[in-house]
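Worksheet for the structure shown next.
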Amino acid sequence: MAVTISLYNSLSRQSEPFRPQEEGVVKMYVCGVTVYDDCHLGHARSQMVFDTLHRLFLETGLTVRYVRNITDIDDKIIRKAAEAGVPIEEITRTYIDSFSRDMARLGILPPLHEPRATEFLSSMIALIDRLLQLGAAYRAGGDVYFRVRSFDGYGALSHQVLGELRSGARIEPGEAKEDPLDFVLWKGAKPGEPCYPAPFGSGRPGWHIECSAMSLHYLGPTLDLHGGGMDLLFPHHENERAQSEAATGKTFARTWMHNGFVTTSQTKMSKSLGNTRRIRAFFEDSPFPEAVTREWLRYFFLGTHYRGPVDFTDGGLAAAKNALDGLHQCRALLFERLLSLPEETDPREGPLLQSFMEALASDLDTPVALSVLHGAKSRINPWLSSPTAGDPPVDPREVRALFRLAERTLGILSTPASLWVGGDKSENGGKAGSELTPEEIERLVLSREEARKAKDFKRADALRDELRAAGIVLEDQPGGSPRIRRI
RNA sequence: GGCGGCGUAGCCAAGCGGUAAGGCAGAGGUCUGCAAAACCUUUAUACGGCGGUUCAAUCCCGCCCGCCGCCUCCA
């Protein structure tokens, strides 16, 4: 569907129409993770934001060359390995696996390339060499530093004035920087630490250089879009930009996007504060099957615009689940009603589809996109719930197409109805949602049915209460046996 | 100290110059043996405060108050 995508660019601090350099192809780079621990919900949101953007690009027919790095050489990894007394590779393998599992659980579409820093040492060394030749970098005390004041545009991305920066105001003991603002490109080897040979002395790369080297390798000197969390804006992205542009003389990234934080009690969720919630734990603690939990979390995050903060609360989570339940209920009834009509002939265009796409195209306004879904639901529901009703106020087939569109772009409304309402973890290889065995449940349900037939409502209600206490809710249906729902 | 974000109904959350989307919760109703679920109806003279610009401001400007973030590793 033809829409003009506009995105907020951190560089210009305004929304701009998004136009890739090459017609029909998007070169997109997003900062991944450093693999020294399990990922938390902050990572989940960030990846979800850029996944949604990725899906939006695909939906509009663009080819997306999406690269996301994995940082597998870093001080924290080294320290963790040393503490555990295991090789670095064991730590990185463990957390790369964990990250991959988390991304799969969240339903994040895989990027085209997912390079690891250690696979690109020679590219990084070449880049540093080039910066040294250009005079943008210098050797000092076994390290190599980037000379920040040699790069005119430094600070333009994060809108910092060099003189006001406190960042570099500290020089760590042992560092030999010319200027406090300078940052390390290559750290000289220290005893007992992993190191790699380089013309300027063996050692290991600084944090920022990997992104420059890997994006250059896969996507060339100029990215259409570079993304990451708000906390990467400075210094990470500022540094990446400086060293890349100093080396290539070209614009490094045309659009920069930064997502807001996940907070708890209005405070940023971060590892150093110890207030993180791991993705894995969220899924393991969830009473629902994985597919349901995935949609639940996605819906929760998508309910807030990506640039704002999201406070992670039980109330917010509960509201998200209830709202999603309503959408699923509608979807299940609608799909059943339209079963005989092939989806292939559903409309490709229409006011609902248009509104939905326009919302997403407008700097990824997912809250508005969700409201389009709810709007469609409330207009189609009366028709769905009364079989004798006349013409529906909206084309049911467009609503079906809309739900499919939401499935593709937002990654919600894809779980089969049977799993959504009646599912529990046992169907999913997890723990059971109830203390009762299926046989016990069936026995209680049948007993209640007998009691109801005998008009012994007191006993019937007691049995229903007993089931409810075990997390089983009965929903009587006209004619048939009651529907069993787990809570 | 520098840079930035936020403050909209009980809660969450869009809108960002033309007179307040949506969701959750709540209330009333339909259905039901009673429930539950579902469906219907309903819920902000009003957008932190005070000024200013304008025919018109929640949206622009100024000041103030309150939260939060970046400037050190961090999505």
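In what follows, chains are A, B, ... by sequence order, proteins preceding strands, each numbered from 1. Any value given below was found using the heavy atoms of this structure, including those in side chains, with hydrogens, waters and symmetry copies removed. Quick caveat: nothing in here was measured; it's all calculated off a predicted structure.
A salt bridge is defined here as a Lys NZ or Arg NE, NH1 or NH2 lying under 4.0 Å from an Asp or Glu carboxylate O, and A/Asp38 with A/Arg101 fails to meet this definition.
The gap from the P atom of B/rG17 to that of B/rU58 amounts to 13 Å, rounded to the nearest Å. Across B/rC39 and B/rU32, the matching C1' atoms stand 14 Å from one another, rounded to whole Å. B/rG26 and B/rG15: their P atoms are spaced 28 Å apart (whole Å). If you take atom P in B/rG49 and the same atom in B/rU8, they sit 10 Å apart, rounded to whole Å. For B/rG52 and B/rA57, the P atoms lie 12 Å apart once the distance is rounded to whole Å.
Of the side-chain N and O atoms in A/Asn259, none sit less than 4.0 angstrom from OP1 or OP2 of B/rA75. Of the side-chain N and O atoms in A/Arg307, none sit less than 4.0 angstrom from OP1 or OP2 of B/rG5. Contact between the side-chain N/O atoms of A/Lys268 and the OP1/OP2 oxygens of B/rA75 is not found at any separation under 4.0 Å.
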Check nucleotides 6-8 of chain B against the protein and report each pair of N or O atoms closer than 3.5 Å, with its distance, or say if there are none.
none

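Pairing partner, B/rG51: B/rC61, with both Watson-Crick or wobble hydrogen-bond distances short of 3.5 Å.
Remark: A/Lys27 fails to qualify as a cation-pi partner of A/Tyr218 under the 6.0 Å distance and 45° angle criteria applied to the six-membered ring. Taking the ring axis of A/Trp383 as reference, the NZ or CZ atom of A/Arg337 stays within 45° of it and closer than 6.0 Å to the ring centre. Figure legend: cation-pi geometry between A/Arg149 and A/Phe151 absent, as NZ or CZ is not positioned both under 6.0 Å from the six-membered ring centre and within 45° of its axis. Within the cation-pi definition used here (under 6.0 Å to the ring centroid, within 45° of the axis), A/Arg307 qualifies as a partner of A/Tyr8.
Heavy atoms of A/Ser270 sit under 4.0 angstrom from at least one base atom.
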Show your working on side-chain contact (heavy atoms from CB on, under 4.5 Å) between A/Ile70 and A/Glu114 and close with a plain yes or no.
-> CA-CA 7 Å; A/Ile70 288 177; A/Glu114 194 163 32; 3.8 Å; yes
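Residue-environment remark: CD (A/Glu336) stays at or below the threshold of 12 foreign heavy atoms within 6.0 Å.
The structure places CG of A/Leu334 at 7.0 Å from CZ of A/Arg400, a figure rounded to the nearest 0.5 Å.
Contacts between residues 368-375 of chain A and RNA chain B, defined by a heavy-atom separation below 4.0 Å, involve A/Val368, A/Ser371, A/His374, listed by number.
Map A/Asp231 and A/Leu474 each onto its nearest nucleotide of RNA chain B; the residue landing nearer the 5' end is A/Leu474.
Candidate nucleotides B/rC24, B/rC3, B/rA75 were compared by shortest atom distance to the side chain of A/Ala319, and B/rC24 ranks first.
Between A/His236 and A/His208, the angle of the ring planes lies from 30° to 60°, which puts this pair in the tilted group.
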